[in-house]
Number of protein chains: 2
Amino acid sequence: MTLLRTQGYAATTVDDICAAAGVTKGAFFHHFRSKEDLGVAAAVHFSTWLEALFARSGWRDHADPLDRVLAYVDFRIAIFRGAIPHFTCLLGMMVQETFATHPAIRAACQDGITIHAAPLCDEIAATMQARGITGFTAESLALHAMAVIQGAFVLAKADGGPDLAVDSLRHLRRYVELLLTAPQEHQGNAA
Amino acid sequence: MTLLRTQGYAATTVDDICAAAGVTKGAFFHHFRSKEDLGVAAAVHFSTWLEALFARSGWRDHADPLDRVLAYVDFRIAIFRGAIPHFTCLLGMMVQETFATHPAIRAACQDGITIHAAPLCDEIAATMQARGITGFTAESLALHAMAVIQGAFVLAKADGGPDLAVDSLRHLRRYVELLLTAPQEHQGNAA
DNA sequence: AGGTACATACCAACCAGTCGGTATGCTGGC
DNA sequence: GCCAGCATACCGACTGGTTGGTATGTACCT
């Protein structure tokens, strides 16, 4: 996972993976039909690892659904620490490389992102219903959060550090707060 | 450029590029010292191409600086048409693959993004000054816009189409409008 | 004459994937 | 308790094709 997040899918060779994992090529191809098969498995594995990480964080342990949404963003911000390959997203990285050439990997990455966004979407929907907020869908806001997060990773990689990315997530936090606490007049057309 | 945006840097071979360009390998290595050199040149070329595209769009042809900022976002939204490799960003894609392994390409991508954000940053600053808005920096908002745009490209690639990406940009538009037309009480701590 | 702009032929390293072989463990018959 | 029969897990040398890059030659312009 670290190897793929550092070099990307295409630049990571099967030999690299075997050396890092301390296994032989025979063992690799015994467990994976092809390199693409490993890509799919890596996406699935990353997805489940991510869910476990967020479950442990306890971002949903708040009475008010709005607090849960904000806690999600806060936890996201808190994660931006250490080396870049350690906090960036394998799904967003791999899907950029493979969307046109490896449909199976693309689909696995899409699934991972969708699954990850689902609970956030639920909390946003709960907040909207509790406060009678309309004008946009909970799903579009949850996916917008995913976009900001993925974009923040790109900025961090371009800049060589997490500072710009964190600033961007703070803007996301402010937007969510504005939207979900705003009086009704703020709503535009649906997004 | 299309080749790199479709397959990525690592998966695109020099032979691929030569075939697409209709030149021989000798000609290629006459003009570029290495493949990495081409990567840098591609980033620079994309950057200048992008500036020309936005200059032509006339997004700055508005009296009010806020209208200019919104026109920028609107033009961004309008661009999401056609095949994915045609509207996505080479800089964001390449920097993800090369940030750890090809410092020269990473730097070229960073430059391109910074240069592109500069005029938007100026217009945001002008809006903030004209309306006395404080509480965040123009630079952080401009870079947040870059993050949303890059993230939108990731979503488009994962989803196989531009719809989610456009929704996300509409959220960005709403945020910019909220921030830059809001009464002063909305400001939090600096981002 | 000499430099620029190519073309052609070529190379060593590397790539994903294969293949014959081995070590180990499980299952059922006796 | 023991062994045959078989499946799973794994090894590592090998292969055919590909890779970025080079060496050498040549057409053309000044």
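As the structure is a prediction and not an experimental result, all values here were calculated from the model. Atom set for the values below is all heavy atoms of this structure, side chains included, hydrogens, waters and symmetry mates excluded. Lettering of chains follows the sequences in order, A, B, ..., and the numbering in each one begins at 1.
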What is the distance from [atom1] of [X] to [atom2] of [N], rounded to the nearest Å?
{"X": "F28(A)", "N": "dG17(C)", "atom1": "CZ", "atom2": "P", "answer": "8 Å"}
{"X": "Y9(B)", "N": "dT19(D)", "atom1": "OH", "atom2": "P", "answer": "14 Å"}
{"X": "E36(A)", "N": "dC15(C)", "atom1": "CD", "atom2": "C1'", "answer": "16 Å"}
{"X": "F32(A)", "N": "dC10(D)", "atom1": "CZ", "atom2": "C1'", "answer": "14 Å"}
{"X": "L38(B)", "N": "dT19(D)", "atom1": "CG", "atom2": "C1'", "answer": "15 Å"}
{"X": "D16(B)", "N": "dG20(D)", "atom1": "CG", "atom2": "C1'", "answer": "12 Å"}
{"X": "R33(B)", "N": "dG21(D)", "atom1": "CZ", "atom2": "P", "answer": "12 Å"}

- Message: A side-chain contact here means heavy atoms from C-beta on lying under 4.5 Å apart; do T2(B) and T6(B) qualify?
- Response: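 Heavy-atom side-chain distance check passes, below 4.5 Å.
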
- Query: Got a sec, which hydrophobics cluster with V14(A), joining ILVMFWY side chains under 4.5 Å apart, including via others?
  - Reply: L3(A), I17(A), F28(A), F29(A), F32(A), L38(A)

- Nucleotide nearest D15(B) when distance is taken to its side chain, options dA16(C), dG21(D), dT19(D): dT19(D)

- Summary of protein contacts for nucleotides 5-11 of chain C, nucleotide by nucleotide, where a base hit scores B, a sugar-phosphate-only hit scores S (4.0 Å, heavy atoms): BBBB---

- Between T181(A) and I133(A), what is the shortest heavy-atom contact and its length?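 So the two residues come closest at N-CD1, 4.3 Å.
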
- Query: Does D37(B) reach the main-chain N or O of R33(B) with its side chain, forming a donor-acceptor pair under 3.5 Å?
  - Reply: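 Judged by distance alone, yes, a pair lies under 3.5 Å.
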
- According to the interplanar angle, ranging from 0 to 90°, do the rings of Y72(A) and H116(A) count as parallel (below 30°), tilted (30 to 60°) or perpendicular (above 60°)? tilted

- Task: Specify whether F87(A) and F80(A) have parallel, tilted or perpendicular ring planes, treating 30° as the upper limit for parallel and 60° as the lower limit for perpendicular.
- Result: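 Taking F80(A) first and then F87(A), their aromatic rings sit tilted (interplane angle of 30° to 60°).
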
